[in-house]
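Treat the numbers as computed from the prediction; the structure is a model and nothing was measured. Ligands are counted one by one from 1 in listed order, and the atoms in each one are counted from 1 as well.
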Amino acid sequence: MSAVPAIADVSYDALLEDPYPIFRRVRDTAPAVFVAAANLTLVTRFDDIMRIERDSATYSSVNPASLVNKVMGPTFMRKDGAEHAAGRKAVEPAFRPGIIKEHWAPKFAAICERLIDKLVEAGEADLYSALAAPMASLSLMEMIGFKEIAWETLALWSQSLIDGAGNYSRDAEIDRKAMEAGAGIDTAIEAVLDHHRAHSNPSILSAMVHADPPMPIEEIRANIKVIIGGGLNEPRDAILTLTLGLLADPDQKESVLAKPELWPTAFEEAVRWISPIGMYPRRVAREVDLSGVTLPEGLQIGLCVGAANRDDRRFADPDRFDIFRAKQSHLAFGAGPHFCAGTWVSRQTVGRIMVPMLFERLANLRLRDDTPPLVRGWVFRGPISLPVRWDA
Ligand code: HEM
């Protein structure tokens with residue numbers, strides 16, 4: 001067994017710009033590598049991440065030092081075993097397949113229709129700000145059970161919480177904004193909680209207050225913050241990535257438009273290709289051997305699912321967006337007990353409603369030759385600008 005090797009000649013900006021060559025280097029170096037720019041030991045091979053996610057006694061989601069706990073509070077996403085299962089069970093009614101199909105899907109389709117109605121005449125837009133960001137924000141607001149909050153406010157809260165949870169340089173202004181977002185969310189919860197107690201409904205807040213036993217208020221606050229921090233940018237980025245993948249490859253686009261039953265496959269390929277969550281953390285609870293490397297007790301590791309989804313031991317020509325590749329499961333939604341609670345709602349709504357509607361309603365949708373799309377990030381990754389034209 002050997003110690004964890006280190007890579008020190010990579011800049012943080014290079015990770016943000018294009019993490020994939022760095023992920024490849026890490027993957028080819030060892031099962032776990034300390035990357036100085038990230039100040040974290042990264043795990044990048046598909047099989048190793050699967051092994052880790054099957055063993056939560058050794059690879060724990062609990063980390064007392066995590067800023068997620070400081071910024072958001074006691075969330076089930078950073079718990080193990082029975083405590084995690086209790087929180088997960090409490091929110092589950094809002095994510096049931098039947099509720100998604102009968103309740104959320106028509107609501108999200110109506111939001112998407114309205115946003116596209118406003119766009120059709122323009123003939124050009126940046127789909128990040130004109131569609132994907134408001135779509136993700138408004139639909140999450142519905143699911144949570146908030147009323148009358150501007151989509152920009154929820155989006156700002158989400159970003160401020162994410163920044164706060166990653167603020168390891170302890171920038172005071174970032175801390176202040178995260179705390180301000182947290183206070184805004186607590187007030188918004190307070191404003192609707194009595195309504196949800198009195199009227200049971202499919203929303204997440206309703207599920208929490210009607211759970212048996214009801215979720216305590218400090219856990220409601222923490223878990224709603226996690227859902228705002230982690231349930232907004234991923235659908236936004238998935239909408240944009242799927243759109244980008246198809247627009248950049250007219251043959252694949254034509255295939256999907258000719259055979260709509262390919263939409264679900266195209267969605268899975270998009271989140272494999274550019275995974276909206278590129279990395280999430282675990283803590284090593286006891287010294288362990290991971291494929292020949294010794295991980296000491298207490299080590300914080302980053303599971304790079306964005307790297308594992310491009311592991312060439314599993315996926316042929318992994319950097320290519322290819323909806324016709326051999327069918328293989330991926331790790332974009334994680335694995336094991338913390339497998340994403342929002343998987344089915346995202347599959348159903350992004351892959352079957354929103355992006356298909358976009359291509360159906362905006363005729364001859366195409367990328368702009370003069371303004372290329374911009375994709376950025378490694379912990380969270382997606383297009384930050386997707387300028388397009390269509391025939392108005
Ligand atoms: C394309 C869209 C999405 C992607 C790629 C995604 C990805 C992920 C990943 C990788 C995790 C595991 C994180 C970890 O273990 O630390 C996760 C967890 C989670 N996601 Fe998502 N997510 C998406 C959409 C959503 C949505 C829309 C919601 C809520 C409305 C949501 C709610 C959650 C929750 C509550 C957890 C924590 C689950 C647990 O700890 O048991 N996600 N997601």
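- Relative orientation of the Trp273 and Phe321 rings is tilted, given thresholds of 30° and 60° on the angle between their planes.
- Heavy atoms of Pro281 come nearer than 4.0 angstrom to ligand 1 in no pair at all.
- Not a single heavy atom of Lys79 sits less than 4.0 Å from an atom of ligand 1.
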Next on the checklist: Run Glu268 and Lys327 through side chain to side chain contact (heavy atoms under 4.5 Å, CB included) and show every step you take.
Outcome noted: CA-CA 10 Å; Glu268 299 303 325; Lys327 199 171 155 71; over 6 Å; no
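- Counting atoms of ligand 1 from 1 in the listed order, those under 4.0 Å from a heavy atom of Pro235 are 2 (C), 27 (C).
- By the criterion of a heavy-atom distance under 4.0 Å, neither the backbone nor the side chain of Ser275 is placed next to ligand 1.
- There is no side-chain donor-acceptor pair under 3.5 Å between Arg25 and Thr44.
- For the pair Arg347 and Trp344, the cation sits on the ring face: its NZ or CZ lies under 6.0 Å from the ring centre, inside 45° of the axis.
- The contact set between ligand 1 and Leu140, taken as ligand atoms under 4.0 Å from a residue heavy atom, comprises 30 (C).
- Contacts between Tyr280 and ligand 1, counted as non-hydrogen atom pairs separated by less than 4.0 Å, involve the side chain only.
- Of all the heavy atoms of Val350, none lies under 4.0 Å from any atom of ligand 1, so neither backbone nor side chain is involved.
- Those atoms of ligand 1 with a heavy atom of Gly334 less than 4.0 angstrom away are 10 (C).
- Note: Tyr20 OH to Ile274 CD1 = 5.5 Å, rounded to the nearest 0.5 Å.
- In the vicinity of Gly342, heavy-atom distances shorter than 4.0 Å reach the ligand 1 atoms 25 (C), 26 (C), 28 (C), 31 (C), 32 (C), 42 (N).
- A heavy-atom distance below 4.5 Å is found between the side chains of Pro337 and His84.
- Using cut-offs of 30° and 60° on the angle between ring planes, the pair Phe146 and Trp157 is perpendicular.
- Only the side chain of Arg282 comes within 4.0 Å of ligand 1, counting heavy atoms alone; its backbone N, CA, C and O stay farther away.
- Near Met77, with a cut-off below 4.0 Å to any heavy atom, the atoms of ligand 1 are 37 (C), 40 (O).
- Residue Arg78 touches ligand 1 through its side chain alone, judged by heavy-atom distances below 4.0 Å.
- Evaluated by nearest non-hydrogen atom to atom 42 (N) of ligand 1, the leading choice among Ala332, Gly382, Cys340, Gly87 is Cys340.
- In summary, the side chains of Asp55 and Thr58 do present a donor paired with an acceptor at a separation below 3.5 Å, with no hydrogens or angles considered.
- Looking at atom 38 (C) of ligand 1, its nearest protein heavy atom turns out to be Arg88 NH1, 3.3 Å.
- Defined by atom type and a distance below 3.5 Å, a donor-acceptor pair is present between the side-chain atoms of Asp80 and Ser60.
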